[in-house]
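Structure, as structure tokens:
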Amino acid sequence: MPELPEVETIKRDLEKAINNKNIVEVCVFKPKIIKEPDIAKFKRILTGARFLKVARRGKLLILKIQARNKQVLFLTIHLRMSGQLVFGAKSPSSRLCFKLSDKKYLSYNDQRLLGEVRLVHDWRKLKLICAMGPEPLDKTFTREKFQKRIAERTGKVKAVLLDQKFIAGLGNIYAAEVLFHSRINPMRQINTLDNSEIGGLFRNIKKILNNAIICRGTSFSDYRDGKGNRGDFFKKLSVYGRAGQACRRCKNEIERIKLGGRGTYFCGRCQR
DNA sequence: CAATCAACCTGGGTGC
DNA sequence: TGCACCCAGGTTGATT
């Protein structure tokens, strides 16, 4: 479900909502999503702990916490396909729920149970984080670095964009949108891109992710922000989910194919 | 190796 | 109504 703009939106919402609040009670409804061997210990450590900060790396949410014994820990949450982290009321689809000191609830909802919650001393040591590519919106992620990374890769351009080791945070929606705006066919081998195509791809990654954050993400079906609301970027989608509809640029029919097991949308006339 | 596929899950939609 | 598919913002590991 959530890609970088959605996770960033949740991060910003939660930062305002839960910072400096204490956890009064921890309810675990589906232990499966908690990737810790001892659920009782997980609950024990978190009960009475305080939220200090919310951060994001790629699609991973990182909640900095201080336990009762003053030890600093990190609750990491990967929402995968259908996870939601919502502040406010209790939810019937809740899998894990924190009752906070202001009597409100922070609820982790996840219809498909594919999400992962961990409690760690150092989030930087997580395998997922160690393997993760650069943050696309970071100032240190330059066109030169992007070009260099492309030069050492092979395979279809869309598959590379989806690879979190190549770049962190792009998913199926934004990879499709970035390729449309860059006028590159998703099936192109990445080593056939010329300099101007690489430049366009680089600029569009930053531009589209930034625009999507401004719109508070894309709610296609079940994405919700930290307050339980939908995101507005779906109104701006050019290709994702638009199979059979007219290309906004050339009026050709948008195609849908399967690439790397994922639904892939593109305009066969605009994207070469 | 690159590409494909199944697995992890639940639930909504569609067509017979 | 029922049933048998197909689909879904992700990731990983096995196989060809």
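In what follows, chains are A, B, ... by sequence order, proteins preceding strands, each numbered from 1.
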Under 3.5 Å donor-acceptor, A/Glu177 side chain and A/Ile208 backbone | no
Is it true that a side-chain atom of A/Arg242 and a backbone atom of A/Cys247 form a donor plus acceptor pair closer than 3.5 Å?
-> no
Using the [atom1] atom as the reference point in each nucleotide, state the distance between [N] and [M] in Å, no decimals.
N: C/dC6; M: B/dC5; atom1: P; value: 13 Å
N: C/dT11; M: B/dC1; atom1: P; value: 24 Å
N: C/dC3; M: B/dC8; atom1: P; value: 23 Å
N: B/dT10; M: C/dT1; atom1: P; value: 24 Å

Which class fits the ring pair A/Phe98 and A/Phe51: parallel under 30°, tilted 30 to 60°, perpendicular over 60°?
-> perpendicular
A/Tyr223 and A/Glu3: CA distance, side-chain angles, deciding distance, side-chain hydrogen bond (donor to acceptor under 3.5 Å, both in side chains) verdict | CA-CA 10 Å; A/Tyr223 163 69; A/Glu3 308 178 29; over 6 Å; no
Can we call the ring centroids of A/Tyr265 and A/Tyr240 under 6.0 Å apart?
-> yes
Nucleotide [N], atom [atom2] - distance to [atom1] of [X] in whole Å:
X: A/Lys127; N: C/dG13; atom1: NZ; atom2: C1'; value: 10 Å
X: A/Ile190; N: B/dA2; atom1: CD1; atom2: P; value: 12 Å
X: A/Met132; N: C/dT12; atom1: CE; atom2: P; value: 9 Å
X: A/Leu128; N: C/dG10; atom1: CG; atom2: P; value: 13 Å
X: A/Leu162; N: C/dT12; atom1: CG; atom2: C1'; value: 14 Å
X: A/Arg80; N: C/dT11; atom1: CZ; atom2: P; value: 7 Å
X: A/Arg112; N: C/dC6; atom1: CZ; atom2: C1'; value: 12 Å
X: A/Glu152; N: B/dA2; atom1: CD; atom2: P; value: 12 Å

Has [X] got more than 12 heavy atoms of other residues, nucleotides or ligands less than 6.0 Å from its [atom1]?
X: A/Lys53; atom1: NZ; value: no
X: A/Lys236; atom1: NZ; value: no
X: A/Lys104; atom1: NZ; value: no

Is any side-chain nitrogen or oxygen of A/His78 closer than 4.0 Å to OP1 or OP2 of C/dG10?
-> no
Is the shortest side-chain N/O distance from A/Lys59 to OP1 or OP2 of C/dT11 below 4.0 Å?
-> yes
Work out which heavy atom in [X] is nearest to a heavy atom in [Y]; give both atom names and the distance.
X: A/Leu170; Y: A/Lys59; value: O-NZ, 3.1 Å
X: A/Ala175; Y: A/Leu162; value: CB-CD2, 3.9 Å
X: A/Asp138; Y: A/Lys206; value: O-NZ, 3.2 Å
X: A/Cys267; Y: A/Cys250; value: SG-SG, 3.6 Å

What's the closest nucleotide to the A/Leu114 side chain, out of C/dA8, C/dT11, B/dC9?
-> B/dC9
Side chain of A/Leu113 - closest among B/dC8, C/dT12, B/dT10 = B/dT10
With 3.5 Å as the limit, what N/O pairs link the protein to nucleotides 11-15 of chain B?
unit_1 : atom_1 : unit_2   : atom_2 : d
B/dG11 : O4'    : A/Gln111 : OE1    : 3.0

Check ion pair A/Lys30-A/Asp110 (N to O, under 4.0 angstrom) = no
Distances under 3.5 Å only, N/O to N/O: pair up the protein atoms with those of nucleotides 3-5 of chain B.
unit_1 : atom_1 : unit_2   : atom_2 : d
B/dA3  : OP1    : A/Gln189 : OE1    : 3.1

For A/Tyr240, which contact category applies under a 4.0 Å heavy-atom criterion: base, sugar-phosphate, or nothing?
-> sugar-phosphate
Could you tell me whether A/Glu116 contacts a base, only the sugar-phosphate backbone, or nothing, with contacts defined as non-hydrogen atoms closer than 4.0 Å?
-> nothing
Pairing string of DNA chain B (Watson-Crick or G-U wobble, both atom distances under 3.5 Å; | = paired to other strand) is .|||||||.|||||||
